[in-house]
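Single-structure report; data block below.
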Amino acid sequence: MALDRATGLAESARALAAGEVTSRALVERALERIAASQGSLNAFRVVRAEAALAEADAADRELAAGVRGPLLGVPVAVKDDMDVAGEPTAFGCQGEFPAVAQDGEAVRRLRAAGAVVVGKTNTCEFGQWPFTEGPAFGATRNPWSTEHTPGGSSGGSAAAVAAGLVPAALGSDGAGSVRIPASWTHLIGIKPQRGRISTWPRGESFQGITVNGTLARTVTDAALLLDAASGNHELDPHRPPAVDASGAVGRDPGRLRIALALKPPFTALPARLQPEVRAKVVELAEKLAALGHTVEEADPPYGQIGLTFIPRATVGLAERVGEAPFPALLDRRTRDAARLGRLLGGAPLRAARRAEAVLHRRIGGFFTSYDVILAPTTAAPPPRIGSMLKLGGLATDRAMIAACPFAWPWNVLGWPGVNVPAGFVGQGLPVGAQLLGPAHSEPLLVSLAAQLEAELRWHEAWPPAREIATDSPAA
């Protein structure tokens with residue numbers, strides 16, 4: 001059965017403000033699409049049908065009274081690592097979790113902008129892997145090919161947006177977890193500056209490498225959601241100066257110096273950019289040159305940046321595992337990585353945190369020669385469902401690094417990156433490229449992404465309806 005698709009975020013907000021549609025109608029349609037696709041895509045862990053309809057009715061009353069807000073009455077989704085009052089936050093884990101009492105800061109800000117949160121999207125266990133599968137909820141599937149993963153760990157959010165279930169969604173990115181699924185589902189994925197969208201009640205999620213970001217089909221919608229969710233809790237340790245991402249969408253980025261970085265950062269395990277993905281990224285580079293930018297191959301001086309990532313990632317995981325209500329139900333790979341994190345939690349973690357300032361200076365120096373980096377988001381197209389699920393720890397690490405060696409350094413740095421669609425390879429599988437910038441560079445990256453979008457019109461392509469039909473495989 002073919003599903004109708006969500007109107008874009010900005011267009012939904014405009015139509016609501018103009019009285020052309022009601023919030024209840026938009027939310028009802030979103031809930032219908034979610035219900036019809038759960039058997040095929042399985043994008044949601046929690047669907048807030050009753051609560052969302054009540055919130056839509058409240059939004060309609062406000063709209064009728066003349067109240068306006070950036071997203072007043074618009075349905076959106078959030079990833080299931082974010083607290084939504086009255087709902088559990090399972091973060092991909094097995095077990096029955098209690099409802100939380102308060103919204104996290106990002107969700108609170110979305111609600112303050114008027115958005116209606118229709119549900120919480122699936123993610124792998126503690127967001128560790130570039131696939132969205134597990135015994136807690138089954139497999140979340142890619143709308144472009146349900147035999148393949150949408151990526152992870154924000155795979156549920158990506159699948160929901162790519163299929164048109166909701167116009168946009170929040171995800172989180174600790175090693176590419178917004179950018180990777182955006183790449184593999186033909187979306188815009190913005191990983192903002194650390195602290196731009198609060199991760200409170202965890203001021204530093206995974207020792208500061210994880211940030212919240214946005215997924216949408218257009219740059220306009222991704223920027224609008226970013227602006228709506230941005231801001232800080234008073235106790236947040238990272239409070240970057242405000243930016244106007246939406247205002248940058250129609251702005252000419254000027255003639256930029258762009259470094260085409262095709263070499264993966266150093267990792268202990270082998271990684272190779274697959275030729276068909278390389279060709280798509282090079283095509284984007286050629287398009288940027290045709291738009292008047294100076295593009296040349298150059299790789300940032302990453303050095304041994306991986307040595308600073310591992311302690312932060314594993315210590316952050318150990319902290320989560322230490323709080324887990326059902327540790328016996330956790331994946332063995334999770335428990336093993338947490339054990340490593342407990343070993344690295346002293347001097348190695350302190351050294352990794354100190355190294356960030358050195359990396360800022362060294363890699364920041366690269367931006368005296370270049371304004372933006374264009375790099376692959378992944379080295380390969382999306383893998384098949386199940387291909388990594390049952391692997392051991394080392395085999396999983398090998399598979400992850402082989403497929404996704406490019407995204408994680410920007411999590412160490414805490415700087416912005418934007419995935420843009422780069423086209424399709426093989427049997428119609430999406431791949432992407434990332435625009436990377438220095439600190440607080442979201443407006444520049446957004447304006448450049450919007451310039452590319454105006455030329456390439458990637459948002460006009462939709463997944464085949466047959467892949468989203470209710471009789472597709474569920475797990």
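Bear in mind the structure is a predicted one, so any value in this text is a computation, not a measurement.
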Which residues satisfy the ring-ring contact (aromatic ring centres under 6.0 Å, His included) test with [X], sequence neighbours excluded?
X: Tyr370; answer: Phe366
X: Phe406; answer: none
X: Trp458; answer: none
X: His440; answer: none

For the residue pair [Y] / [X], report whether a side-chain donor-acceptor contact shorter than 3.5 Å exists.
X: His238; Y: Gln193; answer: no
X: Asp227; Y: Ser246; answer: yes
X: Ser230; Y: Arg196; answer: no

Passing candidate, side-chain contact (heavy atoms from CB on, under 4.5 Å) with Val78, options Val46, Leu110, Asn212, Thr121: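 When side-chain contact (heavy atoms from CB on, under 4.5 Å) is applied between Val78 and each of Val46, Leu110, Asn212, Thr121, only Leu110 qualifies.
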Less than 4.5 Å apart, any side-chain heavy atom of [X] and any of [Y]?
X: Ile209; Y: Phe309; value: yes
X: Leu413; Y: His360; value: yes
X: Leu435; Y: Val420; value: yes
X: Val446; Y: Val243; value: no
X: Ile188; Y: Ile190; value: yes
X: Thr199; Y: Ser172; value: no
X: Leu359; Y: Thr308; value: yes

Electrostatic pair [X]:[Y] at N-O distance under 4.0 angstrom:
X: Glu276; Y: Lys280; result: no
X: Arg48; Y: Glu55; result: yes
X: Glu297; Y: Arg278; result: yes
X: Lys120; Y: Glu87; result: no

Mind checking the [atom1]-[atom2] spacing from [X] to [Y]? Nearest 0.5 Å is all I need.
X: Thr149; Y: Trp129; atom1: OG1; atom2: CH2; answer: 12.5 Å
X: Leu9; Y: Leu224; atom1: CG; atom2: CG; answer: 4.5 Å
X: Glu133; Y: Lys390; atom1: CD; atom2: NZ; answer: 9.5 Å
X: Gln451; Y: Leu456; atom1: CD; atom2: CG; answer: 10.0 Å
X: Ile258; Y: Leu448; atom1: CD1; atom2: CG; answer: 5.0 Å
X: Asn42; Y: Thr132; atom1: CG; atom2: OG1; answer: 10.0 Å

Check: [X] side chain, [Y] main-chain N or O, donor-acceptor pair, under 3.5 Å:
X: Glu453; Y: Val219; value: yes
X: Arg194; Y: Val412; value: yes
X: Arg141; Y: Leu41; value: no
X: Glu125; Y: Gly134; value: no
X: Trp415; Y: Gly437; value: no
X: Thr218; Y: Asp221; value: yes
X: Gln207; Y: Pro311; value: no
X: Arg217; Y: His459; value: yes
X: Ser447; Y: Pro443; value: yes
X: Asp331; Y: Arg333; value: yes

Salt bridge (charged side-chain N to carboxylate O under 4.0 Å, His left out) pairs touching residues 359-375, sequence neighbours excluded, are Arg257-Asp371
| request: Any salt bridge (charged side-chain N to carboxylate O under 4.0 Å, His left out) involving residues 311-327? Give me the pairs, sequence neighbours left out, ordered by first then second residue. | output: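 Sorted pair list: Arg202-Glu323, Arg312-Glu356.
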Would you be so kind as to tabulate the donor-acceptor pairs closer than 3.5 Å made by side chains of residues 372-388, with sequence neighbours excluded?
| residue | atom | partner | partner atom | Å |
| --- | --- | --- | --- | --- |
| Thr377 | OG1 | Asn419 | OD1 | 2.7 |
| Thr377 | OG1 | Ala433 | N | 3.4 |
| Thr377 | OG1 | Ala433 | O | 3.4 |
| Thr377 | OG1 | Gln434 | N | 3.2 |
| Thr378 | OG1 | Trp184 | NE1 | 3.1 |
| Thr378 | OG1 | Ala380 | O | 2.7 |
| Ser387 | OG | Arg384 | O | 2.9 |

Give me the atom names and distance for the closest heavy-atom approach of [X] to [Y].
X: Thr334; Y: Gln128; value: OG1-NE2, 2.7 Å
X: Pro438; Y: Pro416; value: O-CD, 3.2 Å
X: Leu170; Y: Ala106; value: CD1-CB, 4.2 Å
X: Asp80; Y: Gly92; value: OD2-N, 4.5 Å
X: Ser153; Y: Thr123; value: O-OG1, 2.9 Å
X: Ala77; Y: Val166; value: CB-CG2, 4.1 Å

Could you walk me through whether Asp236 and Ser198 satisfy the side chain to side chain donor-acceptor pair (under 3.5 Å) test, starting with their C-alpha distance in whole Å, then the side-chain angles of each, then the deciding distance to 0.1 Å, before giving a yes or no?
CA-CA 7 Å; Asp236 273 334; Ser198 177; 2.8 Å; yes
Residue pairs passing the ring-ring contact (aromatic ring centres under 6.0 Å, His included) test with at least one member in residues 191-226, sequence neighbours excluded, are Trp200-His233
Applied to residues 87-109, the ring-ring contact (aromatic ring centres under 6.0 Å, His included) test, sequence neighbours excluded, yields Phe91-Phe126, Phe97-Phe326
Side chain to side chain donor-acceptor pair (under 3.5 Å) contacts touching residues 401-414 (sequence neighbours left out):
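Sorted pair list: Asp173-Asn411, Arg179-Asn411.
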> Which pairs, with at least one residue in residues 91-104 and sequence neighbours excluded, count as a side chain to side chain donor-acceptor pair (under 3.5 Å)?
Replying inline: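 Of all non-adjacent pairs touching residues 91-104, those that pass side chain to side chain donor-acceptor pair (under 3.5 Å) are Asp103-Arg111.
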Hey, can you pull the donor-acceptor pairs under 3.5 Å for the side chains in residues 335-351, sequence neighbours left out?
| residue | atom | partner | partner atom | Å |
| --- | --- | --- | --- | --- |
| Arg335 | NH1 | Leu330 | O | 2.4 |
| Asp336 | OD1 | Arg339 | NH1 | 2.7 |

I would like to know whether Lys79 and Ser177 meet side chain to side chain donor-acceptor pair (under 3.5 Å); could you show each step before the answer?
CA-CA 11 Å; Lys79 183 177 177 179; Ser177 285; 4.8 Å; no
